[in-house]
Amino acid sequence: MMLKHYPWHQQQWENILSAIYNNKLAHALLLKGESGLGKLEFAKALAQKLLCQQNLEQACHQCPACHWFAQETHPDYYSILEYKAAIKVDEIRSLLPFLQQKSHCSTGKKVIIIALAEYMNQAAANALLKVLEEPTDNTYFILITENSSQLKPTIKSRCQFINFPTCHDESILTWFMQQGYDKQTAKEALWFMDGRPLEAIKLIEGDLQLKSYQLLAHELQSMFQQSQYPEVIIRRWETLEPINLIKQLQHLIALVLMYKNGTIICAENQLSSAIMKISGDIPHLHKIYDVLLNMHQLLITGYTLNKLLMIDSLIQVIIEIDGEDDE
Ligand SMILES: [Zn+2]
């Protein structure tokens with residue numbers, strides 16, 4: 001696949017190019033932004049451009065370095081991309097021999113990508129900090145994060161930030177149409193995914209996911225309406241992957257809150273009409289959101305939650321607190 005940054009990254013790309021031409025590119029970059037914006041693709045396109053033997057605005061895709069990169073065999077490129085649980089100290093330590101070896105190419109450059117850097121545990125973050133504190137010429141770290149508040153401030157202070165905001169500009173719909181998507185469908189999906197194009201594509205392609213959001217929205221509403229114990233819903237939730245359930249609920253509640261605060265206007269589709277019907281009051285929705293956020297953080301830091309207990313305490317918050325508020 002030809003790596004290229006997406007059209008909505010043009011500004012970030014130009015900023016990087018100007019930093020390169022002015023010899024001001026930092027040794028550590030932090031790509032910040034929500035999921036579904038293509039930060040990893042940007043990081044890879046940048047890594048390839050840095051390692052490319054031609055000095056062009058993008059990687060040439062023709063030189064030996066570009067071929068190695070495309071085949072994922074470039075000896076001066078190192079990446080930690082796979083998210084399993086947490087990034088452990090051994091993974092950072094295994095970088096050290098790579099850092100010590102000389103570059104194999106005339107450019108003299110080496111590039112390291114660490115995706116989802118916020119998943120580094122304490123020891124891993126400390127080990128990385130040590131490396132960043134002693135920058136080596138021509139060695140570039142590209143860190144990526146969806147949640148920079150979870151990254152150590154000392155690491156952030158070593159990095160030049162590149163922000164990836166969500167895309168709400170209508171011009172992006174042209175890109176969707178070039179990829180063969182229907183304009184109206186793309187518009188709705190982009191609205192629902194809050195301006196994150198790659199998530200919007202996942203939503204369009206995976207019809208199931210859209211349906212599962214609709215179902216969750218109906219379930220939430222039915223729990224808000226009746227305070228009896230929702231056994232059918234619990235049984236269904238037990239069949240879901242906990243992290244997906246939590247993420248989807250977070251997403252829904254966030255949209256409901258934005259809708260109630262007037263920050264977003266609902267588009268005309270089945271999903272947004274399901275969202276508009278959700279009736280919880282704002283403080284209650286915030287409480288639920290906080291519980292979800294807490295569970296989400298526990299799950300991504302590798303903490304093992306008992307699924308049944310997790311669902312049970314979630315349901316308690318959804319139905320009981322509402323009941324208390326009514327009294
Ligand atoms: Zn090249």
Side-chain angles (χ1 to χ4, degrees), residues 1-33 35-83 91-92 94-117 128 131-132 134-145 158-164 167 172 174-175 178-180 197-198 201:
M1 191 186 95
M2 284 261 270
L3 282 168
K4 195 177 178 296
H5 60 276
Y6 288 106
W8 59 89
H9 294 158
Q10 193 54 30
Q11 189 57 54
Q12 290 90 332
W13 192 259
E14 281 170 18
N15 293 347
I16 287 277
L17 287 182
S18 110
I20 293 173
Y21 294 142
N22 295 311
N23 255 328
K24 284 195 175 143
L25 189 66
H27 287 282
L29 302 169
L30 179 63
L31 277 47
K32 275 175 62 182
S35 66
L37 293 167
K39 298 182 300 302
L40 180 59
E41 290 78 0
F42 184 95
K44 285 183 176 175
L46 176 58
Q48 187 171 12
K49 190 255 168 298
L50 288 169
L51 295 168
C52 175
Q53 287 156 339
Q54 306 276 342
N55 193 16
L56 305 173
E57 291 201 350
Q58 311 212 5
C60 74
H61 299 283
Q62 281 163 6
C63 70
C66 280
H67 283 301
W68 293 335
F69 194 90
Q71 287 159 9
E72 299 183 11
T73 54
H74 200 301
D76 300 326
Y77 170 65
Y78 193 100
S79 60
I80 301 177
L81 304 181
E82 295 272 313
Y83 158 65
E91 290 181 75
I92 302 296
S94 60
L95 239 176
L96 299 178
F98 172 82
L99 292 173
Q100 278 149 10
Q101 83 198 11
K102 279 203 158 180
S103 157
H104 294 71
C105 298
S106 55
T107 60
K109 289 181 182 135
K110 291 192 281 182
V111 182
I112 300 104
I113 295 181
I114 303 178
L116 294 170
L128 180 67
V131 174
L132 295 182
E134 292 161 18
T136 330
D137 267 351
N138 275 331
T139 299
Y140 297 93
F141 280 86
I142 306 175
L143 310 184
I144 304 173
T145 181
R158 298 269 154 193
C159 296
Q160 183 176 340
F161 287 15
I162 304 172
N163 291 316
F164 290 80
C167 318
I172 195 181
T174 312
W175 177 81
Q178 284 162 356
Q179 313 304 309
L198 304 184
I201 287 180

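Values below: every heavy atom of this structure, side chains too, minus hydrogens, waters and symmetry copies. Both ligands and their constituent atoms are indexed starting at 1 by order of listing.
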- Query: Is any side-chain heavy atom of Cys105 less than 4.5 Å from a side-chain heavy atom of His74?
  - Reply: yes
- Query: Which residues and atoms, counting only protein N, O or S, are under 2.8 Å from the Zn ion (ligand 1)?
  - Reply: Cys52 SG, Cys60 SG, Cys63 SG, Cys66 SG
- Query: Under 3.5 Å, is there a donor-acceptor pair linking the side chains of Tyr78 and Ser94?
  - Reply: yes
- Given side chain to side chain contact (heavy atoms under 4.5 Å, CB included), test Leu51 with Tyr140 step by step and report yes or no. CA-CA 10 Å; Leu51 295 168; Tyr140 297 93; over 6 Å; no
Anything under 3.5 Å between a donor and an acceptor, one on a side chain of residues 106-115, the other on a protein residue two or more places apart or in another chain? List them.
residue	atom	partner	partner atom	Å
Thr107	OG1	Lys109	N	3.3
Lys110	NZ	Phe98	O	2.9
Lys110	NZ	Leu99	O	2.7
Lys110	NZ	Gln101	O	2.4

- Message: Going by ring pair (Phe, Tyr, Trp, His ring centres under 6.0 Å), name the residues that satisfy it together with Trp8, two or more places apart in sequence or in a different chain.
- Response: Tyr6, Trp175
- Query: Who are the ring pair (Phe, Tyr, Trp, His ring centres under 6.0 Å) partners of Phe42, not counting sequence neighbours?
  - Reply: His9, Trp13, Phe164
